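In this text the structure is predicted, and so the values were computed from the model without any measurement. Counting begins at 1 with the first residue of the sequence.
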Amino acid sequence: MEPFMVEVHPSSDPGRSTHEGEEFLFILSGTVVLEYGSQRIELAEGDTVYYDSIVPHRVLASGGAAKMLAVVYAPM
């Protein structure tokens with residue numbers, strides 16, 4: 001398991017990611033959109049989400065910059 005802080009900016013446009021494991025996100029400030037498979041999930045300050053990271057996904061800022069705690073579990 002690897003926890004880290006992430007700051008997402010409106011100008012960033014990361015490609016979708018897919019990898020073995022699971023992810024947990026806790027939104028500390030701002031608003032983000034999680035694109036997960038064909039779903040678009042809006043998350044605001046205080047929201048959490050937990051998902052299987054083998055499904056193509058990415059997180060985009062919605063409005064201004066956002067900060068979140070991301071915890072990634074990847075099997076060895």
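Rounding to the nearest 0.5 Å gives a distance of 7.5 Å between OG of Ser29 and CD of Glu7. In this structure, the separation between NZ on Lys67 and CD1 on Ile27 is 13.0 Å, given to the nearest 0.5 Å.
Residue Pro10 comes nearest to Ala65 through the heavy atom pair CD-N, 3.9 Å, listed as atom of the first residue, atom of the second, then distance. Summarising the geometry of Ala61 relative to Gly64, their closest heavy-atom pair is CB-O, 3.6 Å, with the distance given to 0.1 Å.
Looking only at side-chain heavy atoms (C-beta outward), Tyr36 and Asp52 come within less than 4.5 Å of each other. In this structure, the side chains of Val49 and Leu34 come closer than 4.5 Å at one or more pairs of heavy atoms. Contact annotation: the side chain of Leu60 approaches that of Pro14 to within less than 4.5 Å [non-hydrogen atoms, C-beta and beyond].
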Problem set entry | Derivation of the side chain to side chain contact (heavy atoms under 4.5 Å, CB included) call for Val71 and Glu2 | CA-CA 5 Å; Val71 181; Glu2 182 179 348; over 6 Å; no
For this session: Take Ser62 and Val33 through the side chain to side chain contact (heavy atoms under 4.5 Å, CB included) test and state the conclusion after the steps.
Result: CA-CA 6 Å; Ser62 176; Val33 172; 4.0 Å; yes
Acceptor/donor pairs from residues 37-48 side chains to any protein atom, 3.5 angstrom cut, sequence neighbours excluded:
residue	atom	partner	partner atom	Å
Arg40	NH1	Glu35	OE2	2.6
Asp47	OD2	Ala44	N	2.8

Just list the side-chain donor-acceptor pairs under 3.5 Å for residues 18-26, sequence neighbours left out, or say none.
residue	atom	partner	partner atom	Å
Thr18	OG1	Ile54	O	2.4
His19	ND1	Ser53	OG	3.3
His19	NE2	Glu23	OE2	2.8
Glu22	OE1	Tyr50	OH	2.2
Glu23	OE1	Tyr51	OH	2.7
Glu23	OE2	His57	NE2	2.9

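With a 6.0 Å radius and a threshold of 12 heavy atoms from other residues, nucleotides or ligands, Met5 has its CE atom above the threshold.
By the rule that hydrophobic residues join a cluster once side-chain heavy atoms approach within less than 4.5 Å of another member, Met1 and Leu69 end up as members of one cluster.
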